[in-house]
Amino acid sequence: MNRDFEKRYDPKKVEGEIYSLWLKNDCFKQSEDNSKETFSVIMPPPNVTGRLHMGHALDNTLQDILVRYKRMKGFNTLWVPGLDHSAISTECKVVNMLREKGIKKEDLTREQFLEHAFAWKEKYGNIIVNQVKKLGVSADWDKIKFTMDPSCSRAVKKVFVDLYNEGLIYKGKRIINWCPNCGTSLSDIEVDFCEQKGSLWYIKYYLVDGREDDFVTVATTRPETLLGDVAVAVHPEDERYKKLVGRKVLVPIVKREVPVIADDFVEKDYGTGAVKITPAHDINDFEVGLRHNLEFIDVISKKGTMLKNTGRYAGLNTKEARQEILKDLKLGDCVLKVEDINHNVGKCYRCSCNVEPLVSVQWFVKTKNLAKPAIDCVNYREDTLDSCSPTNKNMKCFGENTLEKENLEYTFLPRFSDDEKLTFLPKRFSKTYLNWLFNIRDWCISRQIWWGHRIPAYYCKDCGEMMVSENVVEVCAKCKSKNIYQDEDTLDTWFSSGLWPFSVFDWPKKTSDYDKFFPTSVLVTGYDIIFFWVARMVMLSLKFTGKAPFKYVLIHGLLRDNLGRKMSKSLGNGIDPLDVIDKFGADALRFMLVLGSTMGNDIRFSEEKLTASRNFVNKLFNAARYIYLKVSDNLDCLNLKRIPENLHPEDEWVLGKLNTLIKDVERNLDNFDFGIALNKIYDFVWDIFCDWYIELSKVRLENDLEDIDSRLCTKNVLVFALLNVLKLLHPFVPFVTENLWQIFTEKKLGPLMLSNFPVDIKVVACSQQITGTDCVIDIIKAIRKRRKELNVPAGKILSEVFIESDCSENIKNNLIFIKRLARISSIKIVNDSNLNNGKENEFSVVIAQRSKIYIKNSELFDKDEEVKRLKKELEKFEKELEKVNAQLGNREFLNRAPSRVIERMKELKVDLLNKVEKIKDSVCGLEK
RNA sequence: GGAAGCAUAGCUCAGCUGGUUAGAGUACCUGCUUUACACGCAGGGGGUCACAGGUUCGAUUCCUGUUGUUUCCACCA
């Protein structure tokens with residue numbers, strides 16, 4: 001016995017070896033043949049911060065299935081792997097790592113810090129790459145890119161400078177989201193809103209020129225910001241306050257006189273209908289401030305503490321300041337009441353610390369003009385747009401400096417041909433994408449951290465001139481001073497990720513890979529980063545290459561734990577794919593992630609499903625083991641590629657089913673229906689191939705009557721079918737299939753992963769042979785069932801059995817199978833009349849699809865029980881017959897239903913009538 | 001406040017453009033050391049396809065509404 005064939009498949013023994021084999025054979029490289037159609041995928045680059053998680057496993061499995069399938073289909077395939085520097089998260093990790101070593105970031109120079117950071121990237125980047133490889137990922141590792149590689153940096157600089165020169169990047173003082181913990185600004189989508197318990201304080205603002213007890217009550221959740229208040233706003237239509245508009249109130253504590261203004265952003269029904277306005281520390285208030293020309297008073301620092309101008313509160317953090325201010329307000333009798341409420345608080349998406357809105361100078365991308373083509377290029381159904389609400393169809397964007405809202409009715413231009421368009425799968429995600437683009441706001445791209453692409457802007461210390469340039473600026477363009485420094489800020493990590501589809505090809509250099517493989521074919525990713533990543537890639541690709549970066553965006557769901565909760569670090573319910581691979585093998589993991597999943601839907605992780613997957617892999621392995629046992633002696637004589645002649649009916653049967661499977665799987669994979677495809681292969685392998693064909697083959701291989709040619713034919717079919725199954729399964733479970741392929745081909749045919757995907761095997765599967773075998777199987781099943789019903793011991797061999805059948809010709813030649821698999825020593829084919837001699841009470845009658853089986857053996861069952869059983873069966877068939885008769889009696893049905901449906905219904909009726917009659921006969925016979 | 005998904009066997013989920021008796025895995029019950037596999041084999045029970053309407057000769061499938069559930073967007077002090 002080949003040492004490769006233990007009873008159980010052991011993935012650990014083979015996976016590493018197989019992966020090396022692929023690498024050694026350059027299996028992941030592209031073809032030299034330029035005539036081949038190309039298929040390219042860019043890997044969503046994992047962060048260099050963490051370990052592989054289930055999300056990566058799913059994402060990469062789906063990509064690998066696609067890429068392997070297309071490669072086997074003969075496409076020139078490129079899958080570019082990569083790593084993301086993930087600016088803020090990596091910086092946080094490095095800072096923490098240094099802190100543990102007793103090093104403070106503040107004590108390091110920028111260069112020293114970056115050295116540590118690159119060392120980190122080196123270490124953890126390698127770790128995650130190795131983890132990704134464990135999944136079997138067939139990406140071209142020689143082409144791996146890192147978002148901070150010089151070539152990527154070059155693309156970043158070029159894009160930044162071009163956008164700046166076009167006025168699409170600007171520097172401005174605006175309110176932004178600030179994370180005091182990370183010490184940097186954040187873009188809008190980097191803020192997560194969490195519901196939290198809080199209080200709503202009702203605070204009195206006394207009128208300046210009113211009576212002593214004339215005041216306006218303002219409700220706020222953030223009393224500490226009142227130090228920066230510059231107005232109180234009410235709704236223009238609010239009758240309660242109409243008279244007050246234009247008058248002045250006194251901000252408590254600071255005793256500042258501020259106007260009461262009218263603005264329709266105020267909701268009359270919330271709180272008291274009067275809002276304090278703090279333009280420097282609230283996003284809405286900021287806009288109000290601009291509209292009403294109000295002063296911006298900063299009171300909170302970037303560290304989250306109160307500024308000097310707050311007097312005795314200076315230096316306190318916002319939480320402490322709130323307590324002190326409330327205390328003082330109460331002393332002044334300014335607090336009317338407190339209400340407990342639930343409200344949403346913005347949190348940093350990386351560190352979960354409360355985000356502080358504040359005004360600062362940052363760099364922004366003007367997104368409106370970039371968004372328009374990104375909307376145009378998407379394939380959507382008309383009704384997708386209809387369901388975007390009318391306000392959503394107006395593009396609300398901020399103009400430069402003025403920050404005034406421009407409302408532009410969006411008009412669609414047929415600028416993209418169908419061929420150039422981008423399609424989301426499932427389609428519904430195009431709606432998510434479009435809705436976001438319709439409401440897009442300018443994108444804050446500067447970050448106050450060191451790890452990332454430094455903004456290519458330079459300043460002259462002498463004259464203050466700002467110069468934006470791809471090259472390092474050493475001399476001031478205006479005053480020729482050499483006293484130049486570079487902007488300290490770095491770019492949002494998504495800025496460089498947004499260029500990924502073309503920066504991986506060394507754009508803006510003209511490379512042959514760019515020419516061949518851009519735009520890419522499919523992007524596979526989760527719905528959670530459609531905004532962060534997909535939309536930006538589309539906008540920037542259209543802008544700089546003129547093309548959508550991919551043809552399809554395949555969206556998959558998120559992974560959930562066995563209770564249906566999102567896998568997350570904070571819950572601690574994440575499952576480590578590496579543990580799973582260690583215990584069950586990479587193939588089982590991949591199988592589990594795909595089987596029974598649907599595009600775009602979340603996937604629930606369960607150990608049971610994993611076990612089932614592992615069992616399937618083992619089943620396949622054992623089927624191969626059996627075949628190898630039978631075949632290894634004369635493997636040389638077998639033609640692995642061609643179907644033998646002189647096929648038996650069951651050979652044609654299995655090959656016919658295989659052929660259907662091949663066509664189905666191909667269609668499903670072309671439609672990205674991986675789950676359905678895998679399910680079909682599963683059914684074929686387990687039910688058709690193992691449970692039936694292999695069992696039937698045993699009869700032929702062990703039967704002395706069969707001649708050598710016939711046996712060879714069986715072996716050939718076994719091997720042929722197995723090898724085709726291996727090909728079909730390879731994209732899903734690459735390791736075990738490659739392993740078996742190597743054994744069977746004795747390493748002569750090269751790697752399975754470079755072989756051709758099965759095509760129509762053109763077996764002349766005569767439908768008669770197929771139904772004939774189906775009929776035989778049906779008889780075996782029926783007899784087994786009856787044996788069980790009558791409690792016939794499993795080992796008991798029945799002696800006298802008679803079969804009457806529509807396919808008696810087929811059965812005649814296949815009696816041997818029925819005997820063996822149903823455990824019968826002798827069978828006779830009969831005509832109806834043969835047994836109609838009043839002897840029916842001596843037989844148990846079994847009704848199969850197209851046959852009637854008489855098992856003689858009165859001692860096997862209780863007569864009364866048998867009559868009862870038959871009557872129950874009769875009732876069932878009669879009920880069905882009634883239904884069918886009703887259908888066929890319905891004139892409308894006969895007029896309108898397609899003829900094939902009617903024909904089928906008629907056939908069914910004949911079949912049912914036949915069955916009913918037979919059972920009636922039997923009952924009659926028994927009751928005599 | 002706006003949008004989307006899901007609701008099918010005890011559990012986890014398939015079910016393409018409506019058409020025989022709605023499927024699988026798992027769990028459960030009954031047998032089986034049948035020579036590839038007990039990570040297995042054979043057989044079995046188990047579903048008013050959430051609810052209510054509508055379209056249709058015919059609805060698990062299409063439409064509308066209701067309920068439950070999950071998620072995304074918005075951020076209202």
Side-chain angles (χ1 to χ4, degrees), chain A residues 5 7-9 189 191 193 200 218-222 225 233 265-267 269-272 274-278 282-285 343-344 346 387-389 391-392 426 428-429 431-432 435-436 439 527-528 530-531 557-558 560 562 564 566 595-598 600-604 606 608-609 611-630 667-668 671 673 675-676 679 682-683 690-691 694-695 698 702 781 784-785 787-789 791 793-795 820-821 823 876 879-880 883-884 887 890-898 900-902 904-905 907-908 911:
Chain A
F5 277 117
K7 275 201 173 191
R8 277 188 190 174
Y9 174 61
I189 50 177
V191 179
F193 286 90
L200 190 60
V218 161
T220 181
T221 52
R222 301 201 55 194
T225 60
F265 106 95
V266 179
E267 299 250 343
D269 301 330
Y270 191 90
T272 61
V275 193
K276 63 191 224 41
I277 300 296
T278 322
D282 182 281
I283 303 218
N284 279 303
D285 294 3
H343 65 141
N344 283 330
S387 60
C388 290
S389 65
T391 55
N392 286 346
R428 68 185 129 97
F429 287 104
K431 194 166 165 179
T432 315
N435 248 318
W436 188 73
N439 294 294
Y527 54 70
D528 48 337
I530 290 177
F531 313 133
L558 301 179
R560 301 179 169 277
N562 54 353
K566 237 190 223 175
L595 188 73
S597 71
T598 324
N601 283 9
D602 290 350
I603 295 168
R604 200 180 283 226
S606 81
E608 289 82 34
K609 222 165 27 174
T611 307
S613 304
R614 191 262 329 261
N615 292 354
F616 175 79
V617 171
N618 191 55
K619 183 77 182 174
L620 176 74
F621 178 81
N622 267 292
R625 181 172 187 260
Y626 162 78
I627 295 170
Y628 194 80
L629 267 164
K630 297 290 171 195
R667 202 186 52 240
N668 292 146
N671 292 331
D673 285 327
I676 296 172
N679 215 330
Y682 182 102
D683 288 345
C690 290
D691 288 347
I694 287 185
E695 290 309 316
K698 285 178 182 173
E702 287 164 18
K781 282 186 166 177
R784 281 172 172 172
K785 186 176 170 189
R787 290 177 61 117
K788 190 80 182 173
E789 279 165 353
N791 285 320
R820 157 96 176 234
L821 296 179
R823 308 213 155 199
K876 195 179 105 191
K879 228 185 223 170
E880 251 174 69
K883 262 193 199 167
V884 171
Q887 263 303 36
N890 183 342
R891 191 171 293 159
E892 290 294 332
F893 172 74
L894 295 175
N895 284 343
R896 294 175 187 243
R900 66 187 162 83
V901 175
I902 297 173
R904 226 185 277 163
M905 199 64 81
E907 278 170 33
L908 180 65
D911 186 45

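Here is the naming used below: chain letters follow the sequence lines, and residue numbers restart at 1 for every chain. Just so you know, these numbers come straight off a predicted model, no measurement behind them.
- You won't find any donor-acceptor pair under 3.5 Å spanning the side chain of A/Glu695 and the base of B/A42, going by distance alone.
- Side chain A/Lys566 to base B/U71: no donor-acceptor pair is found below 3.5 Å.
- The separation of B/A50 from B/A22, taken at their P atoms, amounts to 15 Å, rounded to a whole angstrom.
- Spacing between atom NZ of A/Lys609 and atom C1' of B/C11 amounts to 12 Å, rounded to whole angstrom units.
- Residue contacts for A/Asn562: at a heavy-atom cut-off of 4.0 Å it reaches no nucleic acid atom on any strand shown.
- Nucleic acid contact class of A/Gln887 (heavy atoms, under 4.0 Å, all strands): base.
- When heavy atoms are screened at a 4.0 angstrom cut-off, A/Ala612 is found touching the sugar-phosphate backbone but no base atom.
- A donor-acceptor contact under 3.5 angstrom links the side-chain atoms of A/Asn344 to the base of B/C75.
- Atom CZ in A/Arg222 sits roughly 11 Å away from atom P in B/A77 (whole-Å rounding).
- With hydrogens and angles ignored, no donor-acceptor pair under 3.5 angstrom links the side chain of A/Lys7 to the base of B/C37.
- Of the two residues contacting RNA chain B, namely A/Ala794 and A/Tyr626, the nearest-nucleotide position lying further toward the 5' end is that of A/Ala794.
- Residue A/Asn601 is classed as a sugar-phosphate contact, given heavy-atom separations below 4.0 Å to backbone atoms only.
- Nucleotide B/A4 holds its P atom 14 Å from the CD1 atom of A/Ile530, rounded to whole Å.
- The residue A/Phe621 sits apart from the nucleic acid: no heavy atom pair falls under 4.0 Å.
- Within 4.0 Å of A/Arg784, counting heavy atoms only, lie sugar-phosphate atoms of the nucleic acid but no base atom.
- On the C1' atoms, B/A77 is 46 Å away from B/C62, given to the nearest whole Å.
- Distance check on atom P: B/U48 versus B/G54 gives 23 Å, rounded to whole Å.
- Residue-level contact check: A/Tyr682 touches the backbone only, with heavy atoms under 4.0 Å from sugar-phosphate atoms and none from bases.
- Within the 4.0 angstrom heavy-atom criterion, no nucleotide atom of any strand lies near A/Ser597.
- Between the P atom of B/A27 and the CD atom of A/Glu608 lies a distance of 8 Å, rounded to the nearest Å.
- Counting atom types as modelled, A/Arg614 pairs a side-chain N or O with a base atom of B/C39 as donor and acceptor under 3.5 Å.
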